[in-house]
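In what follows, a single structure is set out as C-alpha cells and then discussed.
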Amino acid sequence: MLTPFSVEYIHEIIESLKNQTYKPNPVKRINIPKKNGKKRPLGLPTFKDKLVQDAIRQILEAIYEPNFSNFSHGFRGKRSCPTALKQMSRYFNGIKWFIEGDLKEFFDSIDHSIVLKLLSEKIKDSKLIGLIAKFLKAGYIKSWRYHKTYSGTPQGGILSPILANIYPNELDKKIEEIK
C-alpha cells in the first residue's frame, strides 16, 4: 500500500519514534545473481523504514566515522577498493606482511547481541539501541512467507553498511595495536 508523503505522515513517524511504538516491517528478500553464478540475498525495506534507517545511519556515522581506522575502506563514503590500493602504494613500501580477508556471507552472519553491545558502549540512549534492535529482529518475507532473523543485517538496508563497519572495527583497532 502506498502512503501519500506529507507533513502529517512525517509527524506520525516522529510520534511513533518518540513513544517507542515504531515497528519496522520485515524486509522483502530477493536473490540477485553474483559474478560467480551464485546468488546473494538482498533485502528491500519499505519507504518508511528507509526514512527511519537513514536518520539512524546519519547519527551512527556522526558517532563512528571519526573512530574508524584510516585504513578501513569498505562500505564508507569516499572510500573503496581504488582508494585502498592508492593508500597501499603510498604507505606500504617495503612491507613484510599484510592481512587480507573476505568474510563469507558477512552481512548474514553479524551477531545481533555483539553489534548491540558494541553500540551500547558508545551510545547511552537505550531508545536508539532498542530501535536498532527492532530493525535487526524485524525478519524478512521471501516467497510470501515470513522468516524471523536471528543474526545478520540485510544487504540492501540503509543501516547495513554502517553496522557492518562497526562490527569489524574492533579487529581493525586490535591489528593497529599489535602492528
With heavy-atom distances below 4.5 Å as the criterion, would you say the side chains of T46 and V27 are in contact?
no
Hydrogens and angles aside, do N25 and Y140 bring a side-chain donor and acceptor to less than 3.5 Å of each other?
no
Separation between CD1 (I132) and OG (S120), nearest 0.5 Å, reads 8.5 Å
Group every Ile, Leu, Val, Met, Phe, Trp and Tyr by side-chain heavy-atom contacts under 4.5 Å, then state whether Y22 and V7 land in the same group.
no
Pair N165, N169 - check side-chain contact (heavy atoms from CB on, under 4.5 Å), show working.
CA-CA 6 Å; N165 279 332; N169 189 51; over 6 Å; no
List the atom of L159, the atom of Q53, and the distance in Å for their closest heavy-atom pair.
N-OE1, 3.0 Å
Can you measure from CZ (R29) to OG (S143) and round to the nearest 0.5 angstrom?
11.0 Å
Verify side-chain contact (heavy atoms from CB on, under 4.5 Å) between N31 and R40, making sure each step is shown before the conclusion.
CA-CA 5 Å; N31 289 318; R40 73 171 174 90; over 6 Å; no
Could you tell me whether the side chain of I10 reaches within less than 4.5 Å of the side chain of L51, counting heavy atoms only?
yes
Does atom NZ of K124 have more than 12 heavy-atom neighbours, drawn from other residues, nucleotides or ligands, at distances under 6.0 Å?
yes
Is the number of heavy atoms from other residues, nucleotides or ligands within 6.0 Å of NZ (K134) greater than 12?
yes
F68 and I123: same hydrophobic cluster, using ILVMFWY side-chain contacts below 4.5 Å?
yes
Taking all atoms of both residues into account, what is the closest heavy-atom pair of S113 and D111, and its distance?
OG-OD1, 2.5 Å
Does a side-chain heavy-atom distance below 4.5 Å link Y64 with K122?
yes
Nearest heavy-atom contact between G156 and P45 is O-CD, 3.9 Å
Can you measure from CZ (F135) to CD1 (I158) and round to the nearest 0.5 angstrom?
9.0 Å
Spacing of I14 atom CD1 and Y9 atom OH [to the nearest 0.5 Å]:
12.0 Å
Looking at K39, I want to see if its NZ is surrounded by more than 12 non-hydrogen atoms of other residues, nucleotides or ligands under 6.0 Å.
no
With rounding to the nearest 0.5 Å, note down the distance linking CG in L119 to CD1 in I166.
5.0 Å
Transitive ILVMFWY side-chain link L44 to I32, under 4.5 Å
yes
Quick one: does any side-chain atom of N19 pair with a main-chain N or O of E15 as donor and acceptor, under 3.5 Å?
yes
I want to check something: taking the side chain as every heavy atom from C-beta on, are I110 and L136 in contact at a cut-off of under 4.5 Å?
no
Where is the tightest heavy-atom contact between S160 and T153, given as atom of each residue plus distance?
OG-OG1, 3.0 Å
For residues I141 and I30: do they belong to one hydrophobic cluster (side chain heavy atoms under 4.5 Å, members Ile, Leu, Val, Met, Phe, Trp, Tyr)?
no
Between K142 and H147, is any side-chain donor less than 3.5 angstrom from a side-chain acceptor?
no
Heavy-atom nearest pair, L116 first then A133, reads CD1-CB, 3.8 Å
Salt bridge flag under 4.0 Å for residues R57 and E61
yes
Drop me the distance from L131's CG to L17's CG, to the nearest 0.5 angstrom.
6.0 Å
